[in-house]
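The figures that follow rest on heavy atoms only: side chains count, while hydrogens, waters and symmetry mates do not.
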Amino acid sequence: MKLLTRSEEYILLAVWKLQDDAYSIPIQQKLNEITGKEWSLGGIYMPLERLEKRGQLMSMLSESTPERGGRHKRIYKLTPSGKKALRQIYEVQQTIWDGIPQLMFGMS
């Protein structure tokens with residue numbers, strides 16, 4: 001089992017949350033919101049391509065829109081394989097955190 005990297009996990013989760021609005025700019029904005037750090041578009045294009053090559057994402061071009069100067073948007077969707085990868089990483093994280101006292105984080 002090849003585990004997702006943290007950035008791949010965040011990107012898949014952002015695509016899931018955005019649903020039909022999952023294209024580059026909203027994905028970038030969602031990642032900025034989720035992580036509290038600024039993501040560059042270049043920082044998301046490579047993982048998007050990698051996830052698509054692995055079959056964890058699929059993409060399609062939207063209809064062209066006048067507000068985009070007639071350009072299309074590349075919309076991303078999770079595949080069953082992408083959902084499975086998210087479940088796997090979630091289970092691994094739950095297992096590794098199991099038994100760690102929550103009070104540990106409140107201590108200096």
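Note that the CD1 atom of Ile89 and the CG atom of Leu3 stand 4.5 Å from one another [nearest 0.5 Å]. Atom CG of Leu4 is separated from atom CD1 of Ile11 by 10.0 Å, given to the nearest 0.5 angstrom. In this structure, CD1 in Ile27 is found 6.5 Å from OH in Tyr76, a value given to the nearest 0.5 Å. Taking CG of Leu18 as the start and NZ of Lys30 as the end, the distance is 5.5 Å to the nearest 0.5 Å. Interatomic distance, CG of Leu41 versus CD of Gln28, reported as 4.0 Å (0.5 Å rounding). The CH2 atom of Trp39 sits 9.0 Å away from atom CD1 of Ile34, with the distance rounded to the nearest 0.5 Å.
Annotation: side chain of Arg50 is in contact with side chain of Arg54 (closest heavy-atom distance under 4.5 Å). Lys73 has its side chain out of reach of Leu61: every pair of non-hydrogen atoms, C-beta onward, lies at least 4.5 Å apart. In this structure, Val15 and Leu51 have side chains that are not in contact, with every pair of non-hydrogen atoms separated by 4.5 Å or more.
Tyr90 and Leu78 sit in two unconnected hydrophobic clusters of ILVMFWY residues. Membership requires side-chain heavy atoms under 4.5 Å apart, directly or through other members. In the hydrophobic clustering of this structure, Val92 groups with Leu86; members are Ile, Leu, Val, Met, Phe, Trp, Tyr whose side-chain heavy atoms approach within less than 4.5 Å, directly or through other members.
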Please evaluate residues Ser59 and Glu52 with respect to the criterion side chain to side chain donor-acceptor pair (under 3.5 Å), reporting the C-alpha separation (whole Å), side-chain torsions for both, the decisive distance (0.1 Å), and the verdict. CA-CA 8 Å; Ser59 70; Glu52 192 168 15; 2.6 Å; yes

Is there a side chain to side chain contact (heavy atoms under 4.5 Å, CB included) between Lys77 and Asp20 once you walk through the steps? CA-CA 8 Å; Lys77 297 224 180 269; Asp20 292 336; 2.5 Å; yes

Would you please test Ile75 and Asp21 for side chain to side chain contact (heavy atoms under 4.5 Å, CB included) and show each step? CA-CA 7 Å; Ile75 307 290; Asp21 201 31; 5.9 Å; no

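Here the closest non-hydrogen pair linking Ser81 and Gly55 is CB-O, 3.5 Å. Heavy atoms only, all atoms of each residue included: Ala85 and Gln56 are closest at CB-NE2, 3.4 Å.
Of the possible donor and acceptor atoms, one in the side chain of Glu8 sits under 3.5 Å from a partner among the backbone N and O of Thr5.
A side-chain N or O of Glu9 and one of Gln93 form a donor-acceptor pair less than 3.5 Å apart.
At most 12 heavy atoms of other shown residues, nucleotides or ligands fall within 6.0 angstrom of atom CE in Met46.
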